[in-house]
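Just so it is clear, the model here is predicted, and its values are computed rather than measured.
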Amino acid sequence: RIRATADAILIGAGTLRAASSPLRVRSPSLLKRRQAAGKPEQPLNVLLSASLKVPERSRFFSAPDVSRLVVTTRLAPKRRRERLARRAEVLVWEGRRIGLSRLMRELFRRRIRTLLLEGGGATNFEFFRQGLVDEIYLTLCPVIIGGAASPTPVDGAGFKPEDFARYTPVKTERVGGEFFFLYRRS
């Protein structure tokens, strides 16, 4: 349901390496709702990768019904950029890093008003660090993964207590054994 409301879904390279599927809406009724609202059938899939060290043959790049935007830097090998340009639009940023504020302006210019950030942890941290997260959807599942390399919503250096990103609870929903929480920026 959350994906169905998004104009675009964004992930980082680590998330693509961990799960190579395209980010799509599967429910026929939600697809109809998107189309009735004048949206494309599927949200734009956005990949951030400064180096483009990603699996080029992954399903993410082969789904015919999903539009893709790959945002990278000049650090990424030119040949790799050219190969991916056959399956996605590739934006190349000058410098060594992808400027997220600039990226948000570019997405807005492309009429992206609702961006769903699906991580991973390093990408999420940068969005939080730069104050670019308005809402958090958090799911609590009755499954414990454990281990130092377990997925986490936010990696990175972390925040000092005075800089903690603070959000207000808005909605809670239980579906089976899972709890879904919605928080908005305080």
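When all heavy atoms of V46 and A8 are compared, the closest pair comes out as CG2-CB, 4.1 Å. The minimum heavy-atom distance between P22 and R59, with the atom names listed, is CD-O, 3.7 Å. Of all heavy-atom pairs between R34 and V25, the closest is CD-CG2, 4.1 Å. The shortest non-hydrogen separation linking F128 to A165 is CD2-CB, 3.9 Å.
When the side chain to side chain contact (heavy atoms under 4.5 Å, CB included) test is applied to L182, the partners found at least two apart in sequence or on another chain are E135, Y137, V170, K171, R184. Every residue two or more places apart in sequence or in another chain that forms a side chain to side chain contact (heavy atoms under 4.5 Å, CB included) with D163 is listed here: F159, K160.
Side-chain atoms of T73 come within 3.5 Å of backbone N or O of A50 as a donor-acceptor pair. The backbone N or O of A76 sits less than 3.5 Å from a side-chain atom of R81, completing a donor-acceptor pair.
Salt-bridge formation is detected for the pair R1/E173: a Lys NZ or Arg NE/NH1/NH2 atom is positioned less than 4.0 Å from an Asp or Glu carboxylate oxygen. Salt bridge absent: D7 and R111 never bring a charged side-chain N and a carboxylate O closer than 4.0 Å.
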Checklist line | Working for salt bridge (charged side-chain N to carboxylate O under 4.0 Å, His left out), residues E106 and R110 | finding: CA-CA 6 Å; E106 174 62 24; R110 293 169 180 248; 2.7 Å; yes
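Side-chain polar atoms of T72 and S49 form no donor-acceptor pair below 3.5 angstrom.
For residues 85-122, there are no ring pair (Phe, Tyr, Trp, His ring centres under 6.0 Å) pairs, not counting sequence neighbours.
Proximity of M104 to R109: side-chain heavy atoms (C-beta onward) are nowhere separated by under 4.5 Å.
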